[in-house]
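Numbers restart at 1 for each chain; the letters A, B, ... are given by sequence-line order, proteins then strands. Just so it is clear, the values below take in all heavy atoms, side chains as well, and ignore hydrogens, waters and symmetry mates.
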Number of protein chains: 2
Amino acid sequence: MATAPPPPSDTAHLDAQELRAWRGLLRTYARLTKALDAELEAAHGLPLSSYEVLMLIADAEGGQMRMHDIASSILLSRSGLTRLVDRLERDGLLCRKSCSSDARGAFACLTPKGRDVLDAARAAHLAGVRAKFLDHFSPAEQEQLGGFWERVAST
Amino acid sequence: MATAPPPPSDTAHLDAQELRAWRGLLRTYARLTKALDAELEAAHGLPLSSYEVLMLIADAEGGQMRMHDIASSILLSRSGLTRLVDRLERDGLLCRKSCSSDARGAFACLTPKGRDVLDAARAAHLAGVRAKFLDHFSPAEQEQLGGFWERVAST
DNA sequence: AAGCTGTGGTTGCACACGCAACTGCTCGCG
DNA sequence: CGCGAGCAGTTGCGTGTGCAACCACAGCTT
């Protein structure tokens, strides 16, 4: 049984400007990720989620990263990441390494092939991100957007 | 890390401000939709995608809408929408109606129960959207965000 | 040292989604 | 009139993901 929470009751609708700000986010995200994912997949056979993982690891210290840290960085469940890393390992793009200081842990680190694939994909993908998103904003606006996200994230 | 004047044509990396603007979007979207979906699901047993469909139909002329139009509005594949509507119909929240002017088409329209559930969910959900997102912005900033999305969508 | 609680990672299962193939219908064109 | 092209919607199949249960280990507490 749904118990109605005590709402500020006469706010049953978003006004036009709220709607634009909110639904715009939803649509923009959906459109951009679909387009970029398709682009990446077509050009390098690499889904966006795999790309994110490879790039995260490549930019990490020592070219390796703990599973848990990867998962929380890209907001993926641990099981989801396990499977994703399974696929990347099967494709020879990265490999698991056990952690000497904590036997529970596992590192994921890039193989040479993984680094090659990533390097090939990175330029094209970043160009896509710029063309489809960043180029629509001035440097000042980009800075402002960054501040917006930080504000939202802070709660 | 001082941002030297790197030519925006450095294709291999995003600079710090580009990164903040871009990854902020990804993370914000992921965090927000997960939180709002969980909230909605817990309070009214309604996933976010179902809510979107119900609301779209409720706000449409005559309380009904063609399948194709729904799908394109929420950027879902047609097959995905078929299954989603299957679930909603099974749960008694909406029903299919054949289209008299085009025998290929089908309308989805709310049942009384669907409208009740939606009305109950709407206030709580909108409050969540405001609390988690909109309230972080002044009216002027909301307006600006709306303009941003429009700019990105225009390509 | 033994036990207990919490954490890192993997597995079983269910589910939502996309793609491609299919059905049934509409519409235009010869 | 009939035929072919194309669209609306559904179905079969494969896949990516989350949740919950599980195992192995770390770090306390006693």
Side-chain angles (χ1 to χ4, degrees), chain A residues 26 29-31 33-42 45-54 57 64-91 93-109, chain B residues 26 29-31 33-42 45-54 57 64-91 93-109:
Chain A
L26 300 184
Y29 174 89
R31 277 174 42 101
T33 52
K34 276 190 218 299
L36 290 167
D37 185 78
E39 203 174 80
L40 207 49
E41 180 87 46
L46 208 61
L48 189 53
S49 53
S50 299
Y51 172 86
E52 302 266 3
V53 169
L54 294 183
I57 298 174
Q64 59 179 24
M65 215 171 153
R66 290 287 291 267
M67 296 291 283
H68 180 86
D69 296 329
I70 302 173
S72 62
S73 290
I74 60 175
L75 299 180
L76 193 66
S77 70
R78 281 170 315 183
S79 59
L81 181 66
T82 293
R83 269 64 181 265
L84 180 47
V85 168
D86 285 347
R87 293 190 294 273
L88 291 171
E89 196 170 24
R90 170 172 48 73
D91 296 345
L93 301 181
L94 58 77
C95 62
R96 286 177 165 86
K97 283 176 55 179
S98 56
C99 175
S100 56
S101 65
D102 184 342
R104 292 170 304 179
F107 286 110
C109 63
Chain B
L26 300 183
Y29 174 89
R31 277 175 42 103
T33 53
K34 276 191 220 297
L36 290 168
D37 185 79
E39 202 175 81
L40 208 50
E41 180 88 47
L46 207 60
L48 189 53
S49 53
S50 300
Y51 172 87
E52 303 265 3
V53 169
L54 294 182
I57 298 174
Q64 60 180 23
M65 215 171 154
R66 289 285 292 267
M67 296 289 284
H68 180 85
D69 297 329
I70 302 173
S72 63
S73 289
I74 61 175
L75 298 180
L76 193 67
S77 71
R78 281 173 319 195
S79 61
L81 180 65
T82 293
R83 270 65 182 265
L84 180 47
V85 169
D86 285 347
R87 294 192 293 272
L88 291 171
E89 195 171 24
R90 171 173 47 73
D91 296 345
L93 301 181
L94 58 77
C95 62
R96 285 176 167 88
K97 283 177 54 179
S98 56
C99 174
S100 55
S101 66
D102 184 342
R104 294 170 303 181
F107 286 110
C109 63

*Apply ring pair (Phe, Tyr, Trp, His ring centres under 6.0 Å) to B:Tyr51 and list each qualifying residue two or more places apart in sequence or on a separate chain.*
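So B:Tyr51 forms a ring pair (Phe, Tyr, Trp, His ring centres under 6.0 Å) with B:His125.
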
*Residues two or more places apart in sequence or in another chain: which of them pass ring pair (Phe, Tyr, Trp, His ring centres under 6.0 Å) with A:Tyr29?*
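Listed in chain order: B:Tyr29.
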
Partners of [X] by side chain to side chain donor-acceptor pair (under 3.5 Å), sequence neighbours excluded?
X: B:Asp102; answer: B:Arg104
X: A:Glu89; answer: A:Arg96
X: B:Lys97; answer: B:Gln64

*Could you pull out the closest heavy-atom pair between B:Ser98 and B:Phe107, with the gap in Å?*
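Scanning both residues completely, I find the closest heavy atoms to be O-CD1, 4.2 Å.
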
*Please report the shortest heavy-atom distance between B:Arg31 and A:Leu75, naming the atom on each side.*
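For B:Arg31 and A:Leu75, the tightest heavy-atom pair comes out as CG-CD1, 3.7 Å.
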
*What are the 5'-most and 3'-most nucleotides of DNA chain D lying under 4.0 Å from any heavy atom of chain B?*
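Listed 5' to 3', the contact boundaries are D:dG6 to D:dG18.
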
*Answer with base, sugar-phosphate or nothing: what part of the nucleic acid does A:Leu81 contact at a heavy-atom distance below 4.0 Å?*
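If one applies the 4.0 Å heavy-atom cut-off, A:Leu81 turns out to touch nothing in the nucleic acid.
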
[X]: what forms a side chain to side chain contact (heavy atoms under 4.5 Å, CB included) with it, not counting sequence neighbours?
X: A:Ser77; value: A:Ser79
X: A:Glu52; value: A:Leu48, A:Ile74, B:Arg23, B:Leu26
X: B:Ser73; value: B:Leu56, B:Met65

_Going by salt bridge (Lys or Arg N to Asp or Glu O under 4.0 Å), name the pairs with one or both residues in residues 68-83 of chain B, residues two or more places apart or in two chains._
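Output for this query is empty, none listed.
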
Check: protein-nucleotides 19-27 of chain C nitrogen or oxygen pairs below 3.5 Å:
{"residue": "C:dC19", "atom": "N4", "partner": "B:Ser79", "partner atom": "OG", "Å": "2.7"}

What integer distance in Å separates [X]:[atom1] from [N]:[atom2]?
X: A:Ile70; N: C:dG9; atom1: CD1; atom2: P; result: 8 Å
X: A:Arg87; N: C:dT10; atom1: CZ; atom2: C1'; result: 14 Å
X: A:Asp86; N: C:dG9; atom1: CG; atom2: P; result: 13 Å
X: B:Leu46; N: C:dA16; atom1: CG; atom2: C1'; result: 15 Å
X: A:Met65; N: C:dG9; atom1: CE; atom2: C1'; result: 15 Å
X: A:Leu84; N: C:dG9; atom1: CG; atom2: P; result: 14 Å

Polar atom pairs between nucleotides 2-5 of chain C and protein, under 3.5 Å, N or O only, would you list them?
none

